[in-house]
Every structure is written in structure tokens, then in C-alpha cells.
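In the text below, chain A, chain B and the rest are named by the order of the sequence lines, each starting its count at 1.
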There are 2 protein chains.
Amino acid sequence: MVRRTGDRATSGRVRVLALLLAEQRAITHHEIEERLSGGRRLDRVTLYRVLEWLSEKCLVHRVVNDDRVWRFRANAHSDTHQHAHFKCTRCTTVICLDDPQAAYDGPLPAGYRLQEIELTVKGLCAACA
Amino acid sequence: MVRRTGDRATSGRVRVLALLLAEQRAITHHEIEERLSGGRRLDRVTLYRVLEWLSEKCLVHRVVNDDRVWRFRANAHSDTHQHAHFKCTRCTTVICLDDPQAAYDGPLPAGYRLQEIELTVKGLCAACA
DNA sequence: TGACGTATTGCAACAAAGTTGCGTTTACTA
DNA sequence: TAGTAAACGCAACTTTGTTGCAATACGTCA
């Protein structure tokens, strides 16, 4: 996947993408850093750059939670630019809802152009409920 | 409005709420600080605490944009816990869409409990389109 | 297979946004 | 109008993310 972009396949990119593909939810920069601690540790800055590159290449997408921290998740399926996420208000876990029903039929102000719709469902996850 | 909460009506709380009520969109801590510069300047920390208090009392609500900065907006109408926001991907302005059509009919994982639905429409505002 | 050039990396320093502790001031109560 | 607890202001700190630059490694081509 990394090589298919035409850019270099570095070990950082491969390791981070593999890790995110294995994960079932959106995780933070910090969590990724911890999980990479086995093997050669990736520099904090490098990880930021790897994540930036991955999301530029649409191999990954970012979500902001109310704790203002980016979370990253591998894009398994082709990106439809229509996401639905669930955010637990207690433990701040973020998961992706697979069957997004997101739609907006209401009016936008005159001159506004719609690009993307994001639906966020907040509540308690099974562990916190 | 401030006094009705039962807590103290300090000049900071009154000034910030008045300012947010006059504003038609969600603005950042920084923008609020600038607009308050006439009159006695409010300390940065105090402003954070005033905003926290206002949103605790539901006089104001917070939105996080993709720039990971809190934005605040006065709650004119009673809060239904169902918001719809428009975020301009270019100038990062945030406005509230008044007629939220937000709904989620899809399934949540077992054990998950829904508290609030937030719909975010991203695109270009009239000035940036 | 090995040398080369450029894309990446790692380090250090910086920046923005927000938080905490603590002594001082102020709004409300009596 | 005096007393008191809640807010405030200041300074220092934390977290998250960014920038500049020299060192390293990926991929190419001989």
C-alpha cells in the first residue's frame, strides 16, 4: 500500500500503517508511539510526519475528539467523505460506525458550498455504560 | 441570565456572555480576548474559567474545529443536545445551522448508550467559495 | 552488488492552547 | 458596612504539535 503511492516505503510508514490496520478504532499519536516501543523507537516528530503523510495519501483519516487530540484510523474501504463516529464521553475512545446514515437535508446559507458531512454520536461505550 | 444561575454575577461573566450573545457565530478564546481589550482587560486564565463556567451552566456551548481550538457560542434557544455546525475548511469559521436535521438511525454496538448527536457539515463559506 | 543523490529521519528548540497553585480582590449576605 | 467565600490575576507548568537543520537510509542506476 505504501509503495503504491509512488513515495518511499520507509520502515516507519510501514510499521505505523500496519499497526493502524490491525487496530479496530481510531487511536492517538500517543497510543501509536507506545505500541511502537518494541523494535526501534520512532521519533515523536517523525511519527507526526508519518501520520501527516499517511493522511495526505488517504491511507488514514483523522478525527478530533472533544479532548482536542487527533486520532488516526486506517482507511480500509475507499473513502466516501462521509464519516460517522462514536465518541465515548467518559473514556474518550473513538470508534467508527460502519454504516454511516449521515445526511443533511436542511438548507445551507446562500453561497455556502458543501464538501463533506461528519456525524458524531456521543454517549457511553459498553465498558463505561 | 448570569444571576439566574445562583452564582455570582461578575463583570467578566457578564461581559463575555454579552459579547457571545451579540455574535452570530462560534468564536475562539483568542477572538473573545481581543474583543474585550476595550475596558479592563480580562486575564487569559480568568477567561478560560469564565468560559468553562458558562458552558457548565449551559449558557454557552463549545465546538472543536479541525484546528483543535475550542470555539464558543451563546445558547439562545434551549439546548436540545442536538447540534448541527458548518465548518469552513478554508478560513475555519464555524457557524451553527439553526434547523438541525441531525438524526442517527443506524445501529450502535451492543451496550453502547447514545447521549447526543452532532452533525458537522464541512465545506466553503460564502466568502471562501 | 555498490555508490550516489534526494527523501526521510532524529534532535533540539519553539509555539500555541490550556491547566494548576496560590495569594489578592470582589460580590453578595447579614 | 463588615465579613467571607467565590472569583480573579499572576507565574509557572503541561500537552500537543511544528520548524530548522544536520545525519541517515531508500531506491536507482552503473
Distance, nearest 0.5 Å, that separates OG1 of B:Thr5 from CH2 of B:Trp53: 3.5 Å
Out of D:dA7, D:dT16, C:dG10, whichever nucleotide has its closest atom nearest the side chain of B:Trp53: D:dA7
Pair B:Lys57-B:Glu52, salt bridge (Lys or Arg N to Asp or Glu O under 4.0 Å): steps then yes or no: CA-CA 9 Å; B:Lys57 297 299 173 186; B:Glu52 196 186 333; over 6 Å; no
Gap between atoms CG and C1', on A:Asn65 and D:dT15 respectively (whole Å): 16 Å
Value in whole Å for how far the P atom of C:dA15 lies from NE2 of B:His30: 15 Å
salt_bridge(B:Lys122, B:Asp66) N-O dist < 4.0 Å: yes
Pull out every protein N or O sitting under 3.5 Å from an N or O of nucleotides 18-23 of chain D, one pair per line with the distance.
{"from": "D:dG20", "atom 1": "O6", "to": "A:Arg49", "atom 2": "NH2", "distance (Å)": "3.4"}

A:Arg13 side chain near C:dT8 phosphate (N/O to OP1/OP2, under 4.0 Å): yes
Distance-only donor-acceptor test (3.5 Å): side chain B:Arg8, base D:dA6: yes
Which residue lies more 5' along DNA chain C, comparing B:Val69 with A:Asp43 via nearest heavy atoms: A:Asp43
Short side-chain N/O contact to C:dC28 OP1/OP2 from B:Arg3, under 4.0 Å: yes
Spacing between B:Leu42 atom CG and D:dA7 atom P, to the nearest angstrom: 14 Å
Interatomic distance, A:Lys57 NZ vs C:dA7 P [rounded to whole Å]: 12 Å
Length of the line joining A:Asp7:CG and D:dT28:P, which is rounded to integer Å: 12 Å
Sugar-phosphate only, base, or nothing, as touched by A:Thr46 at under 4.0 Å among non-hydrogen atoms: base
Value rounded to 0.5 Å, distance of OG1 in A:Thr93 from CG in A:Asn65: 9.0 Å
A:Tyr48 and A:His29 aromatic ring geometry - parallel, tilted or perpendicular at 30°/60° bounds: parallel
Salt bridge flag under 4.0 Å for residues A:Arg35 and A:Glu33: no
Sidechain-backbone polar pair: A:Ser55 side chain, A:Cys58 backbone, donor-acceptor under 3.5 Å: no
Short side-chain N/O contact from A:Thr10 to OP1 or OP2 of C:dT9, under 4.0 Å: yes
